[in-house]
A.B. asks: 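I have a structure here, written as structure tokens, and I will follow up with some questions on it.
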Amino acid sequence: MASFQRRRNHHNRSLRFLVPVISAISGTILILFALLSFLAPSPVDVNHFRRNRHLSNGEDDSTEISFHVPRGGGRSNRDLWRSTSSKFFYGCSNSSNKFARADAVTQPNRYLMIATSGGLNQQRTGITDAVVASRILNATLVVPSLDQKSFWKDASKFSEIFDTNWFISFLSKDVKVIKELPKKGGGKALSPYTMRVPRKCSERCYQMRVLPVLLKRHVVRLTKFDYRLANRLDSELQKLRCRVNYHALKFTNSIQEMGKTLVERMRMRSRHYIALHLRFEPDMLAFSGCYYGGGEKERKELGAIRRRWKTLHISNPDKERRHGKCPLTPEEVGLMLRALGYGSDVHIYVASGDVYGGEETLAPLKALFPNFHSKETVVSKEELAPFSGFSSRMAALDFMVCDESDVFVTNNNGNMAKMLAGRRRYFGHKPTIRPNAKKLYRLFLERRNMTWEAFSSKVRTYQRGFMGEPKEVRPGRGEFHENPSTCICEDSEAKANADLTHQTNVKAEDATRKDVEAVDDQSLEEEPEWTDPDDDDEDQRGSQDKSQLKGTNMEYDYISSDEPELEEMLSD
């Protein structure tokens, strides 16, 4: 009994000791919970932060459910893979009988040399214009030197990109071209006089500025030769431009063979494919001065790149975007294509450098179009090895795949976009989609506030005149390289016959429809054409509005800078 009492007293003393300890621990836990509850954001605050993140990218989280992007492209009242009426237009760049042969006009002891500038396609404009400048000066052209010191840093020579012999022989009737300067009597090469002409130098400008020097020095070397020739010239000189660009400039056999391999392998994957030239590299975005919702990290990274150039002014990102100067993001390109009718089963070949943000930036585009390809995925690393160390050769491969694509799309208005737009017009008006960035800008910002149907309808409306259709750009508008109107002819008789047949078919269809409606009083649903719900019917629009729909007004103006070196980054 005494032993039991001792154990009971010991147990009570233990309980009296544990109670304060347990109370202290419980109190401490309660205090910690209270602190956590005070410091942690409420559920409303979390939603607020998430909503602000969406709003920083122009999205409204509250209406996100209504904006559901379909996997399919939906119905379309146009052929997605072919331009309307393209069969009635064709490239025509042959010279007339009035255009004298080169051997009749080329003067002795007149040699023109040029040093091109920028990336491959910017240099292509210089090469094309150099031939025309030689013709204006009645001079012999020395095969152009490619830019090996610019931003692109490619050591390739002209003969490593283009077929030199073909270039010389094809142009032999128009301009005399030689591979190198002749030697003097003592075996020394002639010494060129180096100078530079202003941008958009006219025919008279060359005759006044360059010809006197050429007559005195015999050899003139023009540097930074890009866009150094006027946009508007005599029609015979414009046709010469086309002969150079579309016929004389042919890639070397090795580039052509690899380009054909890339195209064939894309065709093995799908009957049709889209080629997308995606300019979204860090340097490109830094130069553009645009902002893409990446917060302080983006501002710091792009700002550091911007500081490399002292003359680059601090731009207003909102103003640049309003004016259509900002390249579309990969996601925006994907949404535009889906709105135009291209479904998730479409195969896309992407020509691009290192995209800013990497896979995270590309993820929305890949989600919309899972069949996503590039040079690196279509052919092996070993097959690309002869080209991979040279930016111009890699650009040439992309150029070929984009040129052969059923539909070409770009998110910018750089030189590759311009050169391909003009080339595709010349060779049959293959669909070439360039974003109407000035109009699409606001639409992308407000897309979370509308249904997909409303969004896609507006995209189709805004893209009228930006799809590569015949006559969508008035002759003389834009750069000649992107709109070679002088070199495009129309088979008016065939078109008139086709229009007459179409009208007859329409009348027959109307008569058939009336017969059907007489039997069955149900109205037939037809998909409306690309109309904006906010606009009135086409018949109620004024003639000015109609002309704006048919012409582009060139809202994708060329991005330029006062510092030519900076333009090299935007060139291709």
Side-chain angles (χ1 to χ4, degrees), residues 83-94 121-122 124-129 131-132 199-203 226-247 249 277 324-325 399 402-403 405 407-439 462-492 495 547-560 567 570-572:
S83 294
T84 305
S85 302
S86 59
K87 60 186 176 182
F88 304 118
F89 297 84
Y90 58 94
C92 53
S93 59
N94 291 336
N121 293 288
Q122 186 169 336
R124 191 180 184 117
T125 65
I127 296 167
T128 299
D129 291 347
V131 174
V132 180
R199 291 287 180 98
K200 309 297 183 184
C201 193
S202 65
E203 187 175 354
D226 59 332
Y227 293 98
R228 303 288 167 174
L229 185 62
N231 195 45
R232 297 187 181 185
L233 298 171
D234 173 80
S235 62
E236 290 291 348
L237 295 178
Q238 297 287 54
K239 286 181 179 290
L240 175 56
R241 259 177 166 166
C242 294
R243 290 198 294 279
V244 180
N245 198 358
Y246 306 133
H247 299 286
L249 281 174
H277 183 225
K325 304 290 186 180
F399 187 94
C402 291
D403 185 37
S405 66
V407 175
F408 172 65
V409 187
T410 179
N411 73 325
N412 68 97
N413 196 43
N415 283 312
M416 183 167 172
K418 290 180 180 180
M419 296 299 281
L420 278 167
R423 184 179 179 85
R424 290 169 70 87
R425 284 189 172 106
Y426 183 83
F427 288 109
H429 284 87
K430 291 185 288 186
T432 302
I433 303 172
R434 291 195 286 174
N436 183 351
K438 190 180 283 189
K439 291 287 185 68
Y462 294 161
Q463 281 301 118
R464 289 177 178 174
F466 290 79
M467 303 293 288
E469 297 283 351
K471 291 188 174 182
E472 70 177 11
V473 182
R474 292 195 298 274
R477 297 296 298 271
E479 298 287 347
F480 183 77
H481 298 292
E482 66 180 334
N483 183 31
S485 54
T486 308
C487 305
I488 296 175
C489 297
E490 178 182 357
D491 189 341
S492 53
K495 190 173 187 299
S547 65
Q548 289 177 350
L549 287 176
K550 292 178 181 177
T552 66
N553 290 327
M554 298 307 293
E555 289 176 329
Y556 41 84
D557 292 335
Y558 175 58
I559 303 173
S560 61
E567 292 179 6
L570 289 176
S571 66
D572 285 39

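Heads up: numbering here begins at 1 and tracks the sequence.
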A.B. asks: For Arg124, check salt bridge (charged side-chain N to carboxylate O under 4.0 Å, His left out) against everything at least two apart and list the hits.
C.D. replies: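 By the salt bridge (charged side-chain N to carboxylate O under 4.0 Å, His left out) rule, Arg124 matches no residue at all.
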
A.B. asks: Kindly indicate, with the supporting measurements, whether the criterion side chain to side chain contact (heavy atoms under 4.5 Å, CB included) is fulfilled by Lys430 and Asp403.
C.D. replies: CA-CA 9 Å; Lys430 291 185 288 186; Asp403 185 37; 4.1 Å; yes

A.B. asks: Using side-chain heavy atoms (C-beta onward) and a distance below 4.5 Å, is Phe399 in contact with Asn121?
C.D. replies: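 SC-SC contact between Phe399 and Asn121 confirmed.
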
A.B. asks: Of the non-hydrogen atoms in Pro431 and Ser83, which two are nearest, and what is the gap between them?
C.D. replies: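 Smallest heavy-atom distance, with atoms named: N-OG, 3.5 Å.
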
A.B. asks: I need the minimum non-hydrogen distance between Ala417 and Asn412, along with the two atoms involved.
C.D. replies: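 Minimum heavy-atom contact is CB-O, 3.8 Å.
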
A.B. asks: Check step by step if side chain to side chain contact (heavy atoms under 4.5 Å, CB included) holds for His429 and Glu469.
C.D. replies: CA-CA 6 Å; His429 284 87; Glu469 297 283 351; over 6 Å; no

A.B. asks: Are any of the side-chain nitrogens in Lys200 or Glu479 under 4.0 Å away from the carboxylate oxygens of its partner?
C.D. replies: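 Salt bridge flag = yes for Glu479 with Lys200.
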
A.B. asks: Taking the basic N atoms (NZ, or NE/NH1/NH2) and the acidic carboxylate oxygens, is any pair closer than 4.0 Å for Lys471 and Glu490?
C.D. replies: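 Looking at Lys471 and Glu490, the cut-off is met.
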
A.B. asks: Looking at every non-hydrogen atom in both residues, tell me the closest pair between Ile488 and Cys92 and how far apart they are.
C.D. replies: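 Closest pair (atom of Ile488, atom of Cys92, distance): C-SG, 3.7 Å.
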
A.B. asks: Give the C-alpha distance, both sets of side-chain angles, the deciding distance and a yes or no for side chain to side chain contact (heavy atoms under 4.5 Å, CB included) between Leu229 and Arg241.
C.D. replies: CA-CA 11 Å; Leu229 185 62; Arg241 259 177 166 166; 3.5 Å; yes

A.B. asks: Using distance alone, with no hydrogens and no angle criterion, decide if Gln122 and Asp226 have a side-chain donor and acceptor under 3.5 Å apart.
C.D. replies: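 Yes.
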
A.B. asks: For the pair Gln238 (side chain) and Asp234 (backbone), establish whether a donor and an acceptor sit closer than 3.5 Å, ignoring hydrogens and angles.
C.D. replies: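 No, Gln238 side chain to Asp234 backbone: no donor-acceptor pair under 3.5 Å.
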
A.B. asks: Give the minimum heavy-atom separation between Pro435 and Thr410, together with the two atoms involved.
C.D. replies: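 Looks like CD-O, 2.9 Å.
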
A.B. asks: I need the minimum non-hydrogen distance between Pro484 and Tyr246, along with the two atoms involved.
C.D. replies: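 Pro484 and Tyr246 have their closest heavy atoms at CG-OH, 3.4 Å.
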
A.B. asks: Yes or no on side-chain hydrogen bond (donor to acceptor under 3.5 Å, both in side chains) for Arg424 and Thr432, after CA distance, side-chain angles and deciding distance?
C.D. replies: CA-CA 7 Å; Arg424 290 169 70 87; Thr432 302; 2.9 Å; yes

A.B. asks: What I want to check is whether the side chains of Arg423 and Asn245 have a donor and an acceptor closer together than 3.5 Å.
C.D. replies: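 On atom types as modelled, these side chains do not qualify, holding no pair under 3.5 Å.
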
A.B. asks: Given Lys239, which partner from the list Asn94, Thr486, Val244 fulfils the side chain to side chain contact (heavy atoms under 4.5 Å, CB included) test?
C.D. replies: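 Of Asn94, Thr486, Val244, side chain to side chain contact (heavy atoms under 4.5 Å, CB included) with Lys239 is met by Thr486 alone.
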
A.B. asks: Going by side-chain contact (heavy atoms from CB on, under 4.5 Å), name the residues that satisfy it together with Ser93, two or more places apart in sequence or in a different chain.
C.D. replies: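 Partners of Ser93 by the side-chain contact (heavy atoms from CB on, under 4.5 Å) criterion, ordered by chain and then number, come out as Cys242, Arg243, His247, Tyr426, Cys487.
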
A.B. asks: Run the numbers on Arg434 and Asn413 for side-chain hydrogen bond (donor to acceptor under 3.5 Å, both in side chains), then give the verdict.
C.D. replies: CA-CA 8 Å; Arg434 291 195 286 174; Asn413 196 43; 2.5 Å; yes

A.B. asks: Using a strict threshold of under 4.0 Å (side-chain N to carboxylate O), is an ion pair present between Glu482 and Arg477?
C.D. replies: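 Salt bridge between Arg477 and Glu482, a charged N being under 4.0 Å from a carboxylate O: no.
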
A.B. asks: List for me each residue that meets side-chain contact (heavy atoms from CB on, under 4.5 Å) alongside Glu203, sequence neighbours excluded, and say none if there are none.
C.D. replies: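 Glu203 satisfies side-chain contact (heavy atoms from CB on, under 4.5 Å) with Ile136, Gln207, Leu237 only.
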
A.B. asks: How far apart are the C-alpha atoms of His481 and Asp129, what are their side-chain angles, what is the distance that settles it, and do they pass the side chain to side chain contact (heavy atoms under 4.5 Å, CB included) test?
C.D. replies: CA-CA 10 Å; His481 298 292; Asp129 291 347; 3.6 Å; yes

A.B. asks: Which pair of non-hydrogen atoms, one from Asn436 and one from Tyr462, has the smallest distance, and what is that distance?
C.D. replies: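 What the structure gives for the nearest pair is ND2-O, 2.9 Å.
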
